[in-house]
Amino acid sequence: MCGIAGLLNLDGVPADKALVKRMTDAIAHRGPDGEGQTIDGALGLGHRRLAIIDLSPAGRQPMATRDGRYIISYNGELYNFRELRAELEKGGHEFSSRSDTEVLLAAWAHWGPAALDRFNGMFAFAIWDRKEKSLTLARDRYGIKPLYYSLQGRTFLFGSEQKALLAHDGASHRLDLEALVEYLTFQNIFTDRTLLKGIKLFPPGHYGVLRRDGSLALKQYWDFDFNEPQRPAPDEEYREELDRLFVQAVKRQLVTDVELGAYLSGGMDSGSITAIAAKQLPYIKSFTCGFDLRSASGIELGFDERQPAEYLSYLFKTEHYEMVLKAGDMERVLPKLAWHLEEPRVGQSYPNYYVAQLASKFVKVVLAGTGGDELFGGYPWRYYRAVVNDDFEHYVDKYYVFWQRLIQNQLIREVFAPVWNEVKHVWTRDIFRDVFRKHFQDLTRPEDYINHSLYFEAKTFLHGLLIVEDKLSMAHGLETRVPFLDNDLVDFSMRVPVRLKVNSLAEVVRLNENTPGPKTSIYFNKNKDGKRLLRDVMSRHLPAEITSAEKQGFSAPDASWFKGESIDYVRRTLVDGDARIYSVLDRKVVRKLLDEHMSGTENRRLFIWSLLNLEHWMRQTIDGAPA
């Protein structure tokens, strides 16, 4: 796990090693164990190392093949590198290290882009072919590891974080207003845009070869494909196969030469991973983040999961550490968090920052439960809203309305009034629909709607979660691994029948058809409907009170804090004074939306969190103020 950076001067001018050094220095937090820069004519490659496998100097990067043709800068882990190494050795390859980097590079030299289909892991890398003078970038199937790129004049730049690209004197610090409209609609960015104009996010499941004009010839090598099986297997076969593949996935990701721990939220996904890991690594360290709930109310009273986490720690004999967050902790960390996150994405992510900080004091690798919900149907109340028994466009319309997480369509023009002429051409409904452009569109059964929804959330919501997880763990030099995103487990999950993921689908359809007016069925709110198969199988590893518990996200009681302990902070940052956000947003309209939360008429906690994050980001990145 590391940080990569580099550049290629398209006009042939020799690369500036000092610039490459500045790029890697900007992401030094990602790799505190070493650095390297390589110059080959117009090409400059940089690397920051977080040593996880083969801690010796033999694992340093950038790394070249024995014949010197290929040079790589790589961030990630291949969990099947030993199997690939054995296969390559049979083909005559010799290795001088125990690192997965050398295996990945040899695999590329041997199979070319076809090697990507063989990689089971997380990665973002750049490979320079000295013979062909060509640069190739690639990113893992799911987007676990980020990769950004930009063209500045005749210089093509890339790196694990935007900070590396901003080290170039000509890099843009201009706000991308189209991306901002996208973000303030979805609390996410679905396209390849970022909030900085001219900097793009390399797409997951793709590789790209740089053309002479500075564009990338992108090719997709993998995509999600959730489909209802034509001939479903017996339920027991699905149970046995899921158990086998889940245990295999966790065991695969335990390979490391440093100490490894696990997040333990008290929920089923992280608990299951910890249960399997604890059998292989006795007294494994586990980490939980809880919340002070003295001012919480309603649903937020259940947000502190320390008690079930402590119970699981007791059962699995982990060495357990926990911390408790209060409203002031959010206020304190936001400037630093905004700097590391680089641009706001899904959720209110500061608890992730704190729990990663805690884990980094004891381990260099941590296991997380990310992906279990998106693969096995953890959010049924979302999917149910889109089951319409109609055509594709009506499905998109219903689901689009649900995913306007921050600002509803009818308010976009008012909120963006100061810059409306510059963004009025942005149709977020089209952006939403484009997520499906390479996916099937035949909707003949309720199951098809659910599979479309699973596809959408894996491509967007899960991707946003992964970016957040990477940035906030690597802020502390911590590698996060996600066993649910093992290739074999993901491939299996996409073949599981919908009826083994969510409950009561026939009843949902009946209520949609027969209930007049707005669909307020309890089936839109139930929290135990999801992950049927996963709950069943994980009951072999966890107590029933965990596997039968209602679904709950990792969230702080912000709704209460924003109108209680943190109300003065919100007002200082977003209401009083000259907040930077009002250079592009309408102050009176935003103030009205804030007042609706303060008065309790609307819950706009995600909107407030997003504005706070955006305000600090604009001060730092647009204005250049210190974090």
Practice item. Verify whether one side chain among Asp391 and His394 offers a donor that lies under 3.5 Å from an acceptor in the other. Key: yes
Check your understanding: Is a side-chain N or O of Arg345 found less than 3.5 angstrom from the main chain of Val468, in a donor-acceptor match?
Key -> no
Review point. Side chains of Tyr400 and Asn409: do they bring a donor and an acceptor to under 3.5 Å?
Key: yes
Point to revise | Reported CG-to-CG distance for the pair Asn487 and Leu245, which is rounded to 0.5 angstrom | key: 11.5 Å
Check your understanding: Is it the case that Ser453 and Tyr395 place a side-chain donor and acceptor less than 3.5 Å from each other?
Key -> yes
Check your understanding: Is there a ring-ring contact (aromatic ring centres under 6.0 Å, His included) between Phe202 and Tyr148 once you walk through the steps?
Key -> CA-CA 6 Å; Phe202 193 91; Tyr148 297 89; over 10 Å; no
Exercise for review: State, yes or no, whether a side-chain contact exists between Val396 and Phe432 at a heavy-atom distance under 4.5 Å.
Suggested key: yes
Exercise for review: May I ask you to test the Pro543-Tyr311 pair for a side-chain heavy-atom distance under 4.5 Å?
Suggested key: yes
Check your understanding: Is the Tyr449-Tyr399 ring centre distance short of 6.0 angstrom?
Key -> no
Review point. Hey, does the side chain of His597 reach the backbone of Arg604 with a donor-acceptor pair shorter than 3.5 angstrom?
Key: yes
Review point. Distance-only, no hydrogens or angles: does the Arg211 side chain make a donor-acceptor pair with backbone N or O of Leu216 under 3.5 Å?
Key: yes
Exercise for review: Over all heavy atoms of both residues, which pair between Ala124 and Leu147 is shortest? Give the atoms and the distance, please.
Suggested key: CB-CB, 4.1 Å
Review point. Side chains of Arg532 and Asn503: closer than 4.5 Å at any heavy-atom pair?
Key: yes
Exercise for review: Flag yes if more than 12 heavy atoms outside Gln280 fall under 6.0 Å of its CD atom; otherwise flag no.
Suggested key: yes
Review point. Are Phe456 and Phe461 close enough that their ring centres sit under 6.0 Å apart?
Key: no
Check your understanding: So, the side chain of His452 versus the backbone of Ile450: is there a donor-acceptor pair under 3.5 Å, distance only?
Key -> no
Check your understanding: Which is it for Glu228 and Arg445 under the salt bridge (Lys or Arg N to Asp or Glu O under 4.0 Å) test, yes or no, and what are the steps along the way?
Key -> CA-CA 10 Å; Glu228 194 71 6; Arg445 301 164 297 178; 5.6 Å; no
Check your understanding: Is a side-chain donor or acceptor of Glu602 paired with a backbone partner of Leu593 at a separation under 3.5 angstrom?
Key -> no
Study note, to complete from the structure: The reported gap from CZ in Phe190 to CZ in Phe186 (rounded to nearest 0.5 angstrom) is 5.0 Å
Practice item. Give a yes or no on whether a salt bridge exists between Glu161 and Lys471, defined as a side-chain N under 4.0 angstrom from a carboxylate O. Key: no
Point to revise | Tyr238: ring-ring contact (aromatic ring centres under 6.0 Å, His included) partners, not counting sequence neighbours | key: none
Review point. Does a salt bridge link Asp491 with Arg141, judged by any charged N lying under 4.0 Å from a carboxylate O?
Key: yes
Exercise for review: Could you pull out all residues at least two apart from Asp192 that satisfy side chain to side chain donor-acceptor pair (under 3.5 Å)?
Suggested key: none
Review point. Is a donor on one side and an acceptor on the other found under 3.5 Å between the side chain of Trp609 and the backbone of Gly347?
Key: yes
**Study point:** Distance in Å, Leu466 CG paired with Glu374 CD, rounded so as to fall on 0.5 Å steps
**Key:** 8.0 Å
Exercise for review: Mark yes or no for whether Asp100, through its side chain, and Phe81, through its backbone, hold a donor-acceptor pair below 3.5 Å.
Suggested key: no
Check your understanding: Would you say the side-chain atoms of Tyr384 and Asp529 include a donor-acceptor pair closer than 3.5 Å?
Key -> yes
Review point. Do Asn451 and Tyr383 have a side chain donor and acceptor closer than 3.5 Å?
Key: no
Review point. Given side chains that start at C-beta, do those of Leu341 and Tyr353 come closer than 4.5 Å, heavy atoms only?
Key: no
Exercise for review: Could I get the full list of side chain to side chain donor-acceptor pair (under 3.5 Å) partners for Arg82, not counting sequence neighbours?
Suggested key: none
**Study point:** side chain to side chain donor-acceptor pair (under 3.5 Å) involving Arg252 - partner list, sequence neighbours excluded
**Key:** Asp486, Asp488
Point to revise | Presence of salt bridge, Lys531 and Asp269, under 4.0 angstrom | key: yes
Exercise for review: State which residues pass side chain to side chain donor-acceptor pair (under 3.5 Å) with Ser493; sequence neighbours excluded, sorted by chain then number.
Suggested key: none
Check your understanding: For residues Thr274 and Ser286, is any side-chain donor paired with an opposing acceptor at under 3.5 Å?
Key -> no
Review point. Got a second to check how far Leu242's CG is from Phe492's CZ, nearest 0.5 Å?
Key: 5.0 Å
Review point. Between Arg433 and Phe392, is NZ or CZ placed under 6.0 angstrom from the six-membered ring centre and within 45° of the ring axis?
Key: no
**Study point:** Spacing of Thr601 atom OG1 and Glu596 atom CD [to the nearest 0.5 Å]
**Key:** 5.0 Å
Exercise for review: Verify the neighbour count for atom CZ of Arg429: are there more than 12 heavy atoms of other residues, nucleotides or ligands below 6.0 Å?
Suggested key: yes
**Study point:** Donor on one side chain, acceptor on other, Tyr183 and Ser610, under 3.5 Å
**Key:** yes
Exercise for review: Just do the salt bridge (Lys or Arg N to Asp or Glu O under 4.0 Å) check on Arg118 and Glu87 with the steps written out, would you?
Suggested key: CA-CA 11 Å; Arg118 298 170 177 263; Glu87 186 175 355; 2.9 Å; yes
Review point. Does CH2 in Trp420 sit with more than 12 non-hydrogen atoms of other residues, nucleotides or ligands closer than 6.0 Å?
Key: yes
Exercise for review: Indicate yes or no: does Arg499 engage Glu447 in a salt bridge with an N to O separation below 4.0 Å.
Suggested key: no
Revision key, fill the gap. Shortest non-hydrogen pair, Gly271 vs Leu312, comes out as CA-CD1, 3.9 Å
Review point. Can you find a side-chain donor-acceptor pair between Asn227 and Arg495 that sits under 3.5 Å?
Key: no
Check your understanding: Do Leu367 and Leu260 touch side chain to side chain, with heavy atoms closer than 4.5 Å?
Key -> yes
Practice item. Could you verify whether a donor N or O on one side chain and an acceptor N or O on the other, from Glu182 and Thr191, lie under 3.5 Å apart? Key: yes
Review point. When you check the gap from the basic side-chain N to the acidic O, do Glu240 and Arg540 get nearer than 4.0 Å?
Key: yes
Review point. Okay, side chain of Glu343, backbone of Leu195: is any donor-acceptor separation there less than 3.5 Å?
Key: yes
Exercise for review: Mind checking side-chain contact (heavy atoms from CB on, under 4.5 Å) for Gln410 and listing every partner two or more places apart, or none if nothing turns up?
Suggested key: Gln408
Check your understanding: Any donor and acceptor pair, going by atom type alone, linking the side chain of Tyr263 with main-chain N or O of Thr480 inside 3.5 Å?
Key -> no
Check your understanding: Under 4.0 Å between a Lys/Arg side-chain N and an Asp/Glu carboxylate O for Lys145 and Asp140?
Key -> no
Review point. Between the side chains of His541 and Asp243, is a donor N or O closer than 3.5 angstrom to an acceptor N or O?
Key: yes
Check your understanding: Is there a donor-acceptor pair under 3.5 Å between the side chain of Arg481 and the backbone N or O of Gln253?
Key -> yes
